[in-house]
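Worksheet: the structure to be examined is printed underneath.
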Amino acid sequence: MKAGMKTYTRFIILVILGAAAHAGEVLDMQYRQLMLDEAVVAASQNVERFYGQFAHSGVRVLEPTEPIETVWNRISGGPIVIHDEAAGVYRMWYNTVWRVRGEQFGLTRAPGLYAESADAVHWTKPALRHYEFEDDSGANNIVYGMGFDSVTRDPGAECRYRAFKGHQFVMHTLSNDGRSVAETVSMGFDKMAIPNAKEKLEATGVFNADRSNVSYDPVTGRYLGMFKTWTQLEGGRDSEAWRRSVALAVSGTGTDWTFSGDILTVDLADDDWLHGHPHVAAPEQRNAADPPPRSELHDMGVFRYEGLLLGIRNHMYVYPVAGNNRRGHEAGRFGQHSTEQFLTWSRDFEIWQRPPSAERRPLFPVPPVDSPHFGFRELRYPCILEVGDELWLFHNVPEGMGNELRPPRPTWFTYATLRLDGWAGYRAGAEEGWIETAPFRADGALRVNVDAEGGALRVAVLDEQGHEIPGFGREQSRPVTGDHTAAEVQWNQAAWDDLAGRTVQLKFYLHGAAVYSFWTRER
């Protein structure tokens with residue numbers, strides 16, 4: 001059995017075991033409960049589960065303006081954004097592509113640059129002058145070389161920032177204001193230690209691990225690493241192709257990494273999704289020698305969100321285009337590529353879940369081909385901020401960039417938006433439906449994130465035998481109407497405080513409404 005199929009099979013088994021492991025457990029109410037999986041929702045009727053999608057804002061937050069950024073009019077990848085609440089500033093790290101004078105495609109560098117903002121929309125580029133780049137001595141550069149893939153902040157280390165780069169497998173310790181590099185050390189392993197590295201090298205003669213994403217998990221105090229590797233997908237339309245995938249590792253310091261051996265990859269449903277994608281040339285438009293379209297897991301970033309680890313899977317689509325429009329450094333292997341982002345989640349960094357195939361859709365869809373947002377869209381991590389009642393996902397705008405090597409067209413940064421806690425939800429239309437939660441111990445005040453514009457939400461509280469508790473039934477529930485990200489649930493003749501310490505379940509009755517999350521404690 002090939003590596004990709006082993007991983008896919010193990011993934012399915014782990015999802016089944018994970019759902020079984022959570023059955024009957026009491027929910028941990030120190031976190032918001034998201035409507036993502038059966039660990040939260042025990043039963044439902046006449047409702048539809050759906051998964052959220054980010055929407056383009058169209059706001060240009062950063063453009064190439066400095067000389068070092070305009071050699072190719074390109075600020076590359078995506079921005080890394082962290083809100084330093086203590087300092088009252090948003091910090092951004094990003095990369096550019098710089099060509100040595102006089103060379104068209106020869107020696108290049110990708111310096112790591114810095115910007116900051118008071119509102120996450122209007123950014124300034126301080127003149128740091130750490131390195132001189134020809135006539136650009138005032139550039140806002142931090143590091144010379146290959147820039148950054150991800151940046152972490154460890155509150156236990158005086159909020160010291162650490163930046164990681166996959167090309168070089170190094171960790172840069174940054175200053176407390178993130179504006180300079182204090183120390184650079186090795187991440188403590190050779191790339192041949194990455195699972196599947198030797199197999200890929202033996203099979204093809206090359207192994208490329210040019211992307212890595214590292215996050216710091218404040219709950220476990222560990223660094224979580226997602227390192228690029230390669231697998232094959234047995235049963236896929238191009239089963240011989242080695243596809244980009246992600247190997248998982250953990251570290252206590254950022255330099256003593258231990259690989260779990262697990263590899264996250266695409267599955268057969270991802271190939272099926274791409275096969276019917278509107279951007280892909282129909283079979284009659286392809287050349288006989290064209291390989292079939294395939295999906296690859298280019299990279300993935302992980303971040304802590306309430307009680308879960310959420311992962312944004314950056315899927316790279318490889319496909320021939322109508323008219324065999326091949327160009328650039330991938331010419332002869334495939335025609336075009338773009339990226340689309342999907343959601344995954346875990347409670348322990350070991351068992352990863354995704355929406356079922358029938359319900360799967362992109363977290364951040366590929367826009368139309370004629371849109372500037374179309375192309376090889378990349379994310380660096382962390383890239384998501386909570387701003388008011390929204391989540392903002394920062395990314396690059398590729399201006400149609402596909403296979404072209406170092407395109408001259410400009411790129412810039414923007415953000416997309418999603419409702420707070422809008423990763424997934426349950427909704428009902430004109431006919432009422434309901435969902436029943438797993439049990440938990442009542443405390444605090446019960447609040448819900450609900451969109452009931454034109455409809456209503458009512459909540460019944462059930463005892464451990466599944467019966468309505470007197471005074472807390474559906475009929476006594478005050479209907480929640482309108483669109484709210486934090487609506488308090490109340491009853492006519494009973495108070496939530498009366499239930500303090502009891503193990504209860506909730507039954508949400510939905511009529512023309514959608515519910516996204518619930519909780520009992522302030523965040």
Side-chain angles (χ1 to χ4, degrees), residues 62 64 66-69 71 74-84 86-87 89-100 107-117 123-134 136-191 209-216 223-227 251-257 301 378-383 394 413:
L62 199 83
E66 301 301 307
I68 195 173
E69 299 170 339
V71 173
R74 189 170 181 217
I75 44 180
S76 63
I80 301 163
V81 184
I82 291 178
H83 186 199
D84 186 341
V89 66
Y90 293 90
R91 305 191 188 280
M92 177 190 291
W93 299 266
Y94 63 103
N95 304 327
T96 187
V97 176
W98 174 71
R99 184 182 67 236
V100 174
L107 184 61
T108 63
R109 293 291 183 265
L113 309 180
Y114 175 83
E116 58 188 34
S117 170
W123 294 84
T124 60
K125 304 173 183 178
L128 302 177
R129 294 184 170 86
H130 290 311
Y131 297 94
E132 290 192 8
F133 292 92
E134 297 175 348
D136 192 26
S137 59
N140 55 325
N141 58 75
I142 296 179
V143 64
Y144 176 77
M146 300 306 293
F148 305 134
D149 279 340
S150 51
V151 175
T152 69
R153 184 174 61 173
D154 179 359
E158 299 179 355
C159 292
R160 185 63 62 89
Y161 296 96
R162 290 184 171 90
F164 297 84
K165 184 57 189 176
H167 282 82
Q168 301 158 320
F169 297 106
V170 297
M171 178 182 74
H172 304 284
T173 298
L174 306 181
S175 60
N176 282 335
D177 62 7
R179 290 177 165 216
S180 61
V181 174
E183 182 184 18
T184 299
V185 297
S186 169
M187 290 176 68
F189 65 91
D190 181 84
K191 68 180 181 180
D210 60 352
R211 285 298 300 272
S212 64
N213 292 298
V214 176
S215 61
Y216 177 77
Y223 290 88
L224 309 178
M226 288 65 64
F227 296 90
S251 172
T253 62
T255 59
D256 58 342
W257 292 94
E378 292 185 88
L379 308 177
R380 310 269 179 182
Y381 299 90
C383 59
F394 287 80
F413 293 156

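All residue numbers in this chain count up from 1 along the given sequence.
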What are the two closest heavy atoms between [X] and [Y], and how far apart are they?
X      : Y      : answer
Ala163 : Leu174 : CB-CD1, 4.2 Å
Ile82  : Pro382 : CG1-CG, 3.5 Å
Ile68  : Ala139 : CG2-CB, 4.0 Å
Ser117 : Val89  : O-CG2, 3.4 Å
Ser150 : Ser212 : OG-O, 4.2 Å
Met226 : Ser215 : CE-OG, 4.4 Å

Review point. For Phe227, which residues count as a ring-ring contact (aromatic ring centres under 6.0 Å, His included) partner, sequence neighbours excluded?
Key: Phe189, Trp257, Phe259
Does the side chain of [Y] come within less than 4.5 Å of [X]'s, by heavy atoms?
X      : Y      : result
Lys125 : Tyr114 : no
Asn141 : Leu128 : no
Leu62  : Tyr94  : yes
Phe164 : Thr152 : yes
Tyr381 : Ile80  : no
Glu66  : Leu113 : no
Val185 : Val170 : no
Tyr161 : Trp93  : yes

**Study point:** salt bridge (Lys or Arg N to Asp or Glu O under 4.0 Å) contacts in which one or both residues fall within residues 141-152, not counting sequence neighbours
**Key:**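 Only Asp149-Lys165, Asp149-Arg211, Asp149-Arg380 qualify under salt bridge (Lys or Arg N to Asp or Glu O under 4.0 Å).
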Point to revise | Pairing residues for Asp210 by the salt bridge (Lys or Arg N to Asp or Glu O under 4.0 Å) criterion, not counting sequence neighbours | key: Lys228
Exercise for review: With sequence neighbours left out, write down each residue that passes salt bridge (Lys or Arg N to Asp or Glu O under 4.0 Å) with Arg179, or none if nothing qualifies.
Suggested key: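 For Arg179 the salt bridge (Lys or Arg N to Asp or Glu O under 4.0 Å) partners, ignoring immediate neighbours, are Glu116.
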Point to revise | Derivation of the side chain to side chain contact (heavy atoms under 4.5 Å, CB included) call for Met187 and Val214 | key: CA-CA 11 Å; Met187 290 176 68; Val214 176; 4.1 Å; yes
Under the rule for side chain to side chain contact (heavy atoms under 4.5 Å, CB included), what residues qualify as partners of [X], not counting sequence neighbours?
X      : result
Asp256 : Ser251, Thr253
Thr173 : Arg160, Arg162, Met171, Glu183
Pro79  : Val81, Met92, Phe394, Phe413

Revision key, fill the gap. For Tyr90, the side chain to side chain donor-acceptor pair (under 3.5 Å) test, sequence neighbours excluded, returns none
Practice item. Taking side chain to side chain donor-acceptor pair (under 3.5 Å) as the test, write out the residues that go with His172, two or more places apart. Key: Thr184
Review point. Does Thr255 use its side chain to pair, donor to acceptor, with the backbone of Gly188 at less than 3.5 Å?
Key: no
Review point. When you check the gap from the basic side-chain N to the acidic O, do Arg91 and Asp177 get nearer than 4.0 Å?
Key: no
